[in-house]
2 protein chains.
Amino acid sequence: MEPGGAARVAENPSGAGAEPPAVREPPIAGRGLRSDARHNRRRIMEAARAAFAERGIDVPMVAIARRAGVGPATLYRRFPTRETLVAEVFADEMAECAGLVDEALADPDPWRAFCTVLTEVCAMQAADKGFTEAFLAAFPDSDGFDERRVHVEHGLDELIRRAKESGRLRADFAREDIVLVLLANGGIVTSDPETTRAASRRLVAHMLRSFESAGGSGELPPVPPIGLGQLYRLPGD
Amino acid sequence: MEPGGAARVAENPSGAGAEPPAVREPPIAGRGLRSDARHNRRRIMEAARAAFAERGIDVPMVAIARRAGVGPATLYRRFPTRETLVAEVFADEMAECAGLVDEALADPDPWRAFCTVLTEVCAMQAADKGFTEAFLAAFPDSDGFDERRVHVEHGLDELIRRAKESGRLRADFAREDIVLVLLANGGIVTSDPETTRAASRRLVAHMLRSFESAGGSGELPPVPPIGLGQLYRLPGD
DNA sequence: CGGCAAACGGATGGTGCTGTCCGTTTGGCG
DNA sequence: CGCCAAACGGACAGCACCATCCGTTTGCCG
């Protein structure tokens with residue numbers, strides 16, 4: 001991907017090979033913090049995850065701080081901006097998604113794999129109001145998020161390819177249809193989690209029924225130019 | 001609500017029966033206002049409709065006032081609360097929807113009527129960010145809104161009945177599926193209106209394909225308990 | 001045309017959120 | 001055990017928005 005990546009170590013002025021072992025500190029969250037700070041960092045992330053899930057990504061920072069039992073200053077010290085916090089919290093959920101995709105890739109039945117991954121990701125999303133918003137927030141390449149995303153995209157492409165090859169998935173299915181399902185699924189969040197879950201299940205079932213090769217009639221409208229990454233919101237006044 | 005409401009007219013010291021002719025003033029918008037006030041009221045509603053469509057229902061009141069070229073006080077004098085304004089603006093769009101339904105009821109082809117109304121309502125919704133939010137806002141029975149809603153519901157029920165009778169609409173289609181489509185469609189609003197439109201069209205086409213009687217497989221999950229009217233949001237902290 | 005109530009809008013107090021400052025507390029190392 | 005830098009959180013300034021007050025303007029009726 002990046003040109004000259006391997007050659008760059010030669011730029012190091014110290015000719016000796018005694019490179020400190022962790023110049024590029026490993027991106028392990030909260031490394032080198034004091035024990036209490038690490039503890040608070042964890043509490044903040046848990047509180048943030050819960051708050052985002054319940055009330056969406058725009059929940060006040062002070063509410064997260066209160067919920068975590070820390071002062072606002074502590075929250076801002078660990079996560080200077082809201083985006084930092086969202087990215088961190090969402091990295092976990094993104095990892096879960098990636099795991100689901102990888103799991104599905106191991107399934108010998110392509111159609112079942114396809115259905116499973118779509119169903120489960122939507123179920124996750126339905127249980128978490130902030131999930132979709134975080135998708136749409138499109139924060140800049142925050143710390144490995146982009147790489148994970150393309151990994152997931154490639155996995156999905158492979159799932160789609162196999163499912164089409166097996167004949168169960170319609171030929172006019174487009175990868176953008178997955179985004180379509182996710183966006184649509186994000187719209188059905190109601191106040192009652194149980195209702196949301198049921199509605200999500202039914203919606204996904206409808207969509208899968210449309211995706212499955214069968215005697216449906218009529219052509220689909222053209223594919224909208226939606227990419228997983230480039231979704232932005234309206235700017236302020 | 002308030003005790004003795006009707007009896008209070010007896011308190012009027014003038015014993016004469018010269019009751020003003022319009023005790024229950026007819027609910028015609030802006031009746032009895034001075035000409036400039038009526039003019040401003042109209043400008044406010046136009047500005048509000050545009051602002052709601054572009055930026056959603058939570059757009060600042062002062063932004064609407066600025067856009068209408070009036071002061072904040074004037075806006076609040078006409079519409080004491082945001083809900084008043086939303087209800088008023090949305091009543092218009094609700095009337096459009098009702099018109100679409102009535103039009104469809106005149107179509108001799110039940111399946112085409114069903115498809116048309118769903119497609120067009122979703123197209124309206126896709127062009128207006130505030131539309132869905134207003135649906136979900138669930139303001140109290142504001143001035144004929146509820147009656148209009150049940151009217152639309154009955155019209156939809158009739159459309160569904162005919163479409164099923166014609167054999168084109170699956171028997172396991174539920175009226176709640178319409179709400180499902182509307183909610184889902186509300187989720188696909190992106191920043192670019194053209195993209196939103198295309199995505200909406202494709203989503204609706206997928207849904208219709210699932211709704212149409214054909215060789216789809218598998219049973220649908222149970223119907224979620226969603227009613228057109230009782231959708232609320234999470235309360236504040 | 002004169003007067004007045006209706007209507008107007010700039011200005012203002014109140015509230016909630018953001019992001020930072022600073023005096024105090026505490027974990028961990030020597 | 002004692003020190004000190006790291007960490008903490010209450011308090012605070014800045015800002016945006018809501019909602020109202022009040023002095024001024026204006027439509028409209030007599």
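Throughout, protein chains are lettered first and strands after them, A, B, ... in sequence-line order, and every chain is numbered starting at 1.
The CZ atom of B:Arg34 sits 14 Å away from the P atom of D:dT25 (whole-angstrom rounding). Between the CZ atom of B:Phe79 and the C1' atom of D:dA19 there is a distance of 16 Å, rounded to whole Å. Atoms CG (B:Leu85) and P (D:dC18) sit 12 Å apart, rounded to a whole Å. Distance A:Met61 CE to D:dG9 P: 15 Å, rounded to the nearest Å. Between the CD1 atom of A:Ile64 and the C1' atom of D:dG9 there is a distance of 17 Å, rounded to whole Å. Counting to the nearest Å, the P atom of D:dC28 and the CZ atom of B:Arg38 are 7 Å from each other.
Remark: B:Arg49 engages B:Val89, B:Asp92, B:Glu93, B:Glu96 in a side chain to side chain contact (heavy atoms under 4.5 Å, CB included) (not counting sequence neighbours). Considering only residues two or more places apart in sequence or on other chains, A:Arg67 meets the side chain to side chain contact (heavy atoms under 4.5 Å, CB included) condition with A:Ala47, A:Ala50, A:Ala51, A:Glu54. B:Arg42 meets the side chain to side chain contact (heavy atoms under 4.5 Å, CB included) test with B:Glu46; sequence neighbours excluded. Every residue meeting the side chain to side chain contact (heavy atoms under 4.5 Å, CB included) condition with A:Phe79, not counting sequence neighbours, appears here in chain and number order: A:Arg41, A:Ile44, A:Met45, A:Leu75, A:Thr84, A:Leu85, A:Glu88. With sequence neighbours excluded, no residue forms a salt bridge (Lys or Arg N to Asp or Glu O under 4.0 Å) with A:Asp102. Here A:Phe131 pairs with A:Phe90, A:Phe135 under the ring pair (Phe, Tyr, Trp, His ring centres under 6.0 Å) rule; sequence neighbours left out. In this structure, B:Arg78 has no salt bridge (Lys or Arg N to Asp or Glu O under 4.0 Å) partners at least two apart in sequence or on a different chain.
Sequence order on DNA chain D of the closest nucleotides to B:Asp36 and B:Ala73 puts B:Ala73 first from the 5' end. Along DNA chain C, the nucleotide nearest to A:Arg77 and the one nearest to B:Gly71 differ in position, and the one closer to the 5' end is contacted by B:Gly71.
Counting any heavy atom pair closer than 4.0 Å across all strands shown, A:Val62 reaches a base atom.
Protein chain A contacts DNA chain C from C:dC17 to C:dG28, reading 5' to 3' and using non-hydrogen atoms of the protein with a distance under 4.0 Å.
Between B:Arg82 and the phosphate of D:dC18, there is a side-chain N or O to OP1/OP2 separation shorter than 4.0 Å. Contact annotation: B:Tyr76 side-chain N/O to D:dA19 OP1/OP2 distance is under 4.0 Å.
Without hydrogens or angle criteria, A:Arg82 side chain to A:Val59 main chain gives a donor-acceptor distance under 3.5 Å. Side chain of A:Gln125 to main chain of A:Thr132: no donor-acceptor pair is present (N/O by atom type, distance under 3.5 Å, no hydrogens or angles).
Comparing the axis of the opening five pairs of the helix from C:dC1-D:dG30 to C:dG30-D:dC1 with that of the closing five pairs yields an angle of 0°, rounded to 10°.
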